[in-house]
Amino acid sequence: MDLQERAFSLARHLHDENIIKIDDLVQWKNRTYEEIVLLLRQKLQETYPRTKLKPTMKSVHFANGFPDEHLKRVAFILTDEIEQYLTIHKFLDHDASVEFFNNKITSAGFVINPTSLVDVEFESLCICKARNK
């Protein structure tokens, strides 16, 4: 699955779980992975406007060495903002998400590169669930 498909899958999952409402979800399928992540962040900000995110230590972030600035930006938004929204509102267990991520990237045959790491980050966020389902 490429990053655009993975980003759209996350958007669809968050919509299907009633975590955010996306009226024009079908149109998101034609957007880049970066655009989808920016729209997800915007939807979370609109849906949960009182949420106070904690600043994170960017110096220890897995994406620091990424040469592609767009991919780096997406990685930071996914882990430093979107994951926080999901965790703060109890849709996602942070420890379970981290464990999922770590298990995937240390599994046999996994090739570590910037794209595969961001792909797994998208996947790890898709384990979130709505509280009242």
Side-chain angles (χ1 to χ4, degrees):
M1 188 176 285
D2 70 14
L3 291 180
Q4 190 281 335
E5 291 172 0
R6 191 68 79 186
F8 182 75
S9 291
L10 176 60
R12 185 178 54 236
H13 179 74
L14 295 178
H15 174 76
D16 291 349
E17 285 292 320
N18 296 315
I19 293 170
I20 57 174
K21 185 175 182 359
I22 306 172
D23 294 326
D24 56 347
L25 181 63
V26 173
Q27 295 177 4
W28 285 33
K29 198 165 187 74
N30 299 321
R31 298 187 180 267
T32 68
Y33 71 91
E34 186 176 20
E35 290 171 327
I36 293 171
V37 167
L38 293 172
L39 286 167
L40 285 175
R41 177 175 66 182
Q42 179 183 341
K43 287 287 187 183
L44 286 163
Q45 289 169 338
E46 291 169 359
T47 305
Y48 307 101
R50 293 185 178 169
T51 304
K52 301 289 186 228
L53 301 181
K54 296 177 183 175
T56 56
M57 285 186 31
K58 297 210 184 295
S59 62
V60 296
H61 199 281
F62 72 86
N64 276 333
F66 288 8
D68 180 327
E69 289 299 319
H70 297 283
L71 198 57
K72 182 187 283 189
R73 178 180 184 197
V74 165
F76 280 120
I77 292 170
L78 286 173
T79 58
D80 296 347
E81 295 181 50
I82 292 175
E83 183 176 352
Q84 275 196 67
Y85 273 103
L86 297 174
T87 302
I88 289 168
H89 292 282
K90 301 191 184 327
F91 300 123
L92 180 71
D93 179 317
H94 173 75
D95 293 337
S97 178
V98 169
E99 181 180 6
F100 179 92
F101 182 87
N102 289 338
N103 286 340
K104 284 289 263 196
I105 68 169
T106 58
S107 65
F110 186 84
V111 178
I112 294 181
N113 61 51
T115 301
S116 66
L117 291 171
V118 172
D119 183 69
V120 172
E121 184 60 29
F122 276 121
E123 195 176 359
S124 73
L125 296 178
C126 283
I127 66 173
C128 66
K129 298 285 181 204
R131 291 182 300 242
N132 298 324
K133 267 200 149 184

Quiz prompt | Within 6.0 Å of CD in E46, more than 12 heavy atoms from elsewhere | solution = yes
Quiz item: How about D68 and P114: do any of their side-chain heavy atoms sit closer than 4.5 Å?
Solution: no
Quiz item: In Å and rounded to the nearest 0.5 Å, what is the OG1 to CD1 distance from T47 to I19?
Solution: 10.5 Å
Quiz item: C128 and L14: which non-hydrogen atoms are nearest, and at how many Å?
Solution: SG-CD2, 3.5 Å
Quiz item: Ignoring hydrogens and geometry, is there a side-chain-to-backbone donor-acceptor pair from K72 to N64 under 3.5 Å?
Solution: yes
Practice problem: Any chance you could lay out the side chain to side chain contact (heavy atoms under 4.5 Å, CB included) test for S124 and E121, step after step, and finish with the verdict? | Solution: CA-CA 5 Å; S124 73; E121 184 60 29; 3.8 Å; yes
Quiz prompt | Donor-acceptor contact present, side-chain T87 to main-chain Q84, <3.5 Å | solution = no
Practice problem: For residues F100 and V120, report the shortest heavy-atom separation together with the two atoms involved. | Solution: CE2-O, 4.4 Å
Quiz item: Looking at R41 and I82, what are the two nearest heavy atoms and their distance?
Solution: N-CD1, 4.2 Å
Exercise. For the residue pair L25 and F8, establish whether any side-chain heavy-atom pair is separated by less than 4.5 Å.
Key: yes
Quiz item: Is there a donor-acceptor pair under 3.5 Å between the side chain of T32 and the backbone N or O of E35?
Solution: yes
Quiz prompt | K52 NZ to I88 CD1 distance, which is reported to the nearest 0.5 Å | solution = 10.5 Å
Self-check item: Donor-acceptor contact present, side-chain H15 to main-chain K21, <3.5 Å
Solution: no
Quiz item: How close do V118 and A75 get, heavy atom to heavy atom, and via which atoms?
Solution: CG2-CB, 3.9 Å
Quiz item: Any side-chain heavy-atom pair from K129 and H13 closer than 4.5 angstrom?
Solution: yes
Quiz prompt | Heavy-atom check, side chain of L3 versus side chain of L71, under 4.5 Å | solution = yes
Quiz item: Would the number of heavy atoms belonging to other residues, nucleotides or ligands and lying under 6.0 Å from NZ of K104 be above 12?
Solution: no
Practice problem: Could you tell me whether the side chain of E81 reaches within less than 4.5 Å of the side chain of F76, counting heavy atoms only? | Solution: no
Quiz item: Rounded to the nearest 0.5 Å, what separation is found between the CG atom of D93 and the CD1 atom of I127?
Solution: 7.5 Å
Quiz item: Would a 4.5 Å heavy-atom cut-off, applied to side chains only, mark T51 and L53 as touching?
Solution: yes
Quiz prompt | Close side-chain approach of D95 and E99, heavy atoms under 4.5 Å | solution = no
Self-check item: Interatomic spacing from CG in L125 to OG1 in T79 - rounded to 0.5 Å
Solution: 8.5 Å
Quiz item: What's the shortest heavy-atom distance between F101 and L117, and which atoms?
Solution: CE1-O, 3.5 Å
Quiz prompt | Reported CZ-to-CG distance for the pair R31 and L38, which is rounded to 0.5 angstrom | solution = 10.0 Å
Quiz item: Any idea how H89 and Y85 line up, ring-wise: parallel (<30°), tilted (30 to 60°), or perpendicular (>60°)?
Solution: parallel
Practice problem: Mind running side-chain hydrogen bond (donor to acceptor under 3.5 Å, both in side chains) on D119 and S116 for me, showing each step along the way? | Solution: CA-CA 5 Å; D119 183 69; S116 66; over 6 Å; no
Quiz item: With side chains defined as the heavy atoms from C-beta onward, is the minimum distance between L86 and E83 less than 4.5 Å?
Solution: no
Exercise. Answer yes or no: is there a donor N or O on one side and an acceptor on the other, between the side chain of Q4 and the main chain of K29, under 3.5 Å?
Key: yes
Quiz prompt | ILVMFWY network linking F62 to I112, side-chain heavy atoms under 4.5 angstrom | solution = yes
Exercise. State the OG1-CZ distance between T106 and F110, to the nearest 0.5 angstrom.
Key: 9.0 Å
Exercise. Taking the six-membered ring for Trp and the single ring otherwise, decide whether the centroids of Y33 and F122 are under 6.0 Å apart.
Key: no
Quiz item: What's the verdict on side chain to side chain contact (heavy atoms under 4.5 Å, CB included) for L40 and W28, showing C-alpha distance, side-chain angles and the deciding distance?
Solution: CA-CA 10 Å; L40 285 175; W28 285 33; 3.7 Å; yes
